[in-house]
Amino acid sequence: MIKSPTAFRSGGSGWRRGLVCALLASAGGITLARDVTIGVVYAPDDARYDSKRLEKSYPGQPLGRPRAGAEMAIAESEFQLNNAGLKVVLKDVPLDSVAQANKQMLALMQKGVRHFLLDLPGATVAELSKSLQGTDALLFNVSASQDNLRRSACSANLFHTLPDESMMADATAQFLTAHKWTKVLLLTSTVVDDAPSISAARNAIKRYGIKVVADKAYKLSNDPRERDLGNVALLTAGIDADVVWVVDPDGEFARDVPYRTNLPRLVVGSAGLVAEAWHTSWERNGAPQLTRRFKKAANRPMAGADWAAWMATKAIIDVAIKLPDMRSHRNALRSADLVLDGFKGARLSFRRWDQQLRQPIFLASGGFGGGIAGVAPLDGFLHPSNNLDTLGADEKESPCKLSDSSGAKK
Amino acid sequence: MKMNQQKFLPMCALVLAMCGAASASAKATGEVFISSEKDNVVTVLDGKTQKQVASIKACKRPRHMQLTPDHQKLYVGCGDDGTAVVIDVASKKVTEKVKLEEGVEIFDLSPDGKMLYFSNEDTASVVGFDLVSKKVTIQIKVGEEPEGVLITPDGKTLYVTSEVASLVHVIDVASGKILKNVEVAKRPRRFALTPDGKELWVSCEMGSAVSVIRTSDHTVVDTIKFQPKGFRADEVTPVGMIMTSDGKTAFVSLGRANHVAVVDVASRAVNNLILVGKRAWGLALTRDNSTLYVANGMSDDVSVVDVAKGRAVKTIKAGRVPHSVVIDD
C-alpha cells in the first residue's frame with residue numbers, strides 16, 4: 001500500500017536511499033521517514049476571533065482559532081504516522097494581504113509544501129484560491145461557510161470541510177418539514193454582507209415547500225424612527241407562524257429572539273435551533289472522546305470550525321500515508337474510495353463537483369451543553385446515491401463542475 | 001463475552017478432567033445476562049423461557065461483561081464510574097467493586113482468570129490489572145480510542161484495536177511491547193478468534209467490513225464486505241462478532257443495518273442476513289450453538305435468533321440501550 005518514497009525522490013543518492021528503504025521495508029514494513037508540512041493560513045486581525053466576540057459564544061460561530069483542531073488531528077494520528085514513517089507538522093502563514101500570503105505560500109511550495117488550511121474570511125478565501133490557481137497547492141477551507149466559494153468562486157485547488165450555508169439551511173428546513181412546522185415567520189438582517197446567508201435560507205425554504213407567512217427585516221439601530229425594527233415583540237406581533245426563522249450571521253440580534261416573540265413560538269436559524277457542523281452534546285460515534293480530547297488540549301469546547309480543521313488534517317494524513325507522491329493527492333481526495341470518519345456516524349467524502357465534504361449536520365438547541373434535536377439528513381429525506389447529498393447543492397444544481405487532475409498519477 | 005466463550009471452550013475440552021467438578025456446564029444455569037448502558041442494570045433472563053428473573057443494579061454504565069473460567073463470577077466493565085463490578089452468578093448480587101480507571105471500555109480476562117486487561121479510551125492505553133493484588137501492573141500506550149481487547153488462549157499475546165488509528169496492536173504480554181501494528185479497515189471495534197487460533201477477525205465499523213488477520217504473521221489476508229439488500233455502505237456498521245464452537249460459522253452484527261450476517265468462515269461467503277432490532281451490537285451464542293442473542297442498542301431490546309431456522313423468533317424487552325449479552329451455560 002505504501003509506495004516506495006524513491007518514486008518521488010530523485011536526488012543523487014536516490015538508488016542508495018531506495019536500497020536502504022527496501023532493506024528497512026523487508027525488515028519490518030517500515031518506510032523511510034517522510035515529512036509533510038501543512039501550512040495554516042490565517043489573518044491575525046480576523047474579526048471572527050476578536051476576544052470580545054469569542055466571549056459571546058454565539059451558536060454556529062467559532063469559539064477560537066481552528067488550528068487547535070489540526071493539532072489534535074496530528075496528535076491522535078501518532079501511531080499511524082509512526083507506522084508509516086511520516087512526520088506531519090503545521091507551519092503558520094499569517095496573512096496581511098493576499099499578495100503577501102500568496103508569495104509566502106509559493107515560497108513554501110518551493111520547499112515541497114503542498115497542503116494549506118485556510119482559516120480566513122470568505123472573501124479572502126476566494127481571492128487567495130484564485131491567485132493560486134494553476135499551482136500544485138491544495139487548499140482546505142475550514143472556517144468560511146459562504147456558498148459562493150463552492151459555486152461561482154469554486155476552484156480546483158480548493159476543498160471545503162466546513163458545511164456551507166445551503167447545507168445548514170437545508171438541514172433546518174428538513175427538520176421543519178419532518179415536524180410539519182411549515183409556516184414560518186422569516187426575520188432577516190438588513191446588512192448587505194448577510195445577503196448570502198439570507199438567500200441560502202430562502203432557497204431552502206423554497207426547496208422544501210415551506211410557507212413564509214411573514215417576511216420581516218430587523219435592524220439594530222439607534223434611530224428612534226427605526227426602534228420598532230429591533231423590537232422582537234413588535235416584529236412578531238399577531239403573526240401566527242409555526243416557527244420564527246431568524247437569519248443573523250452576526251448573532252447579536254438573534255440571541256434575543258427566543259422568548260421575546262409575541263406569541264409563544266419556537267425559534268430556528270441563528271438562535272434557538274441552530275445547524276452545527278459539530279456539537280459537544282453529540283453522544284454517539286465516539287464523539288464524546290473527541291470532544292473530551294479537544295477540551296483537554298485546547299481548554300475550550302470544540303466548535304464547527306475546529307472540527308473542520310481536524311477533519312481536513314485527518315483527510316490529508318489519510319492520503320499522505322498511502323501516497324508519497326503528493327501530485328496524486330488531489331485525485332485521491334476526490335476519489336469515491338476515500339472514506340473519512342468524522343465521528344458523526346456516516347462515511348464522509350468530498351463531492352466531486354465542488355469538493356465540499358458531504359456530512360451530517362446537527363440541529364442543536366440551547367448552545368453548548370444544550371440538546372441535539374436531530375441530525376440531518378433526517379429520516380425520510382432520500383437521495384438516489386447518497387442521502388448526505390440532500391444537503392446543499394447537488395451535482396445537477398451546482399454551477400461548479402470540477403474534474404480530476406489529468407496527468408497526475410494515482 | 002464472545003472471546004470468553006471462544007477461548008475457554010477448547011480449554012475445557014482439553015482439560016476436561018480438571019474442569020471436572022467445577023465444570024461450567026455442571027451447574028450452569030443457562031441464564032442470560034444483558035448489560036444496558038443507560039439505566040445501570042444487568043438484566044437476567046431465564047435461558048429457556050426468556051422471562052426476566054432478575055434485574056441487578058450494577059454500576060454506572062455497564063457495558064462489556066465476561067464470565068470467569070469457572071463461571072462463578074461475572075465481571076462487568078462500568079464506563080462511567082471507572083470500575084468493574086463482580087456479580088456472583090448464583091446469588092445474582094454484586095459482591096465486589098474493583099476500582100479500575102475512568103474510561104474503561106472492553107476488557108478480557110487472562111486464561112487463568114488472574115489478570116484483567118482493559119482498554120482505556122480516555123488515556124489511549126491498554127491496562128493490565130492484577131485481580132489478586134488489585135493493582136495495575138502494566139499500562140501500554142496505544143492508538144487513540146482503543147476498544148476491542150483479546151488475549152490469546154495461551155495468555156501470551158494481547159490484541160487491541162484503535163478506532164481512530166484503524167490499527168490492531170499486537171502486544172507481547174511478557175514484555176509489554178507492541179510487536180506489530182496491523183492496518184485494518186476504518187474504525188476497528190471488536191475481535192473474534194477462530195477456535196484453532198489461526199485467524200483473528202476484526203469488525204470495522206466505518207469500513208463496513210471485517211478484516212481477517214492471519215495470526216502466524218499478523219497480516220490481513222481478507223476483507224469481508226457486507227452489503228445487505230436495501231442498505232447503503234453508510235448504514236452497514238459491523239461491531240459484534242461470535243463464532244460457532246466448530247469455527248465454521250461466524251455471526252457479525254451489522255449495527256445500523258439492523259441485521260446479523262451469517263458468514264461461512266472458510267469461504268468468507270455471507271450465507272444469510274437475519275433481520276434483528278435497531279443498532280445490533282452485542283452477540284452471544286448458546287453452548288449448543290442453537291440460539292443467538294443480539295443486543296439492539298437503539299430499540300432497547302434483545303433478539304433471540306433460532307440459528308437453524310436462520311431468523312429471529314423472539315424479541316425481548318431489555319434495559320435502556322442494551323450493550324452486551326453473556327450466557328451462563
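Note on naming: letters A, B, ... go to the chains in the order of the sequence lines (proteins, then strands), and numbering restarts at 1 for each one.
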Ring centroids only, cut at 6.0 angstrom: are [X] and [Y] within range, meaning strictly under it?
{"X": "Phe362(A)", "Y": "Trp307(A)", "result": "no"}
{"X": "His64(B)", "Y": "Phe118(B)", "result": "no"}
{"X": "His160(A)", "Y": "Phe140(A)", "result": "no"}

request  = Compute both the distance and the angle, then confirm whether Arg189(B) meets the cation-pi test with Trp281(B): under 6.0 Å from the six-membered ring centre, within 45 degrees of the axis.
outcome  =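 Judged by the rule, Arg189(B) and Trp281(B) form a cation-pi pair.
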ask   = Measuring heavy-atom distances to chain A, does Ala124(B) have an atom under 4.5 Å in its side chain, in its backbone, in both, or in neither?
value = neither
request  = Below 4.5 Å from any heavy atom of chain A, which atoms of Ser162(B) appear? Answer side chain, backbone, both or neither.
outcome  =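 Neither the backbone nor the side chain of Ser162(B) comes within 4.5 Å of chain A.
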query = With chain B, which of Ala75(A), Gly286(A), Ser77(A), Pro288(A) has the greatest number of heavy-atom pairs at distances under 4.5 Å?
reply = Gly286(A)
Among the listed options Lys296(A), Arg292(A), Gln80(A), the residue most often paired with chain B at heavy-atom distances under 4.5 Å =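 Option with the top pair count is Gln80(A).
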key: Interface moiety of Gln289(A) toward chain B, non-hydrogen atoms closer than 4.5 Å   = both
key: Asn285(A) versus chain B, the contacting section by heavy-atom distance below 4.5 Å   = backbone
key: Partner chain A: residue of Lys186(B), Glu147(B), His169(B), Glu144(B) with the largest heavy-atom pair count (under 4.5 Å)   = Glu144(B)
task = Heavy atoms only: give me the nearest Leu348(A)-Met311(A) pair and the separation to one decimal.
result =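 In this case the closest contact between Leu348(A) and Met311(A) is CD1-SD, 4.1 Å.
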key: Ion pair Arg268(B)/Glu199(B), N-O distance below 4.0 Å   = yes
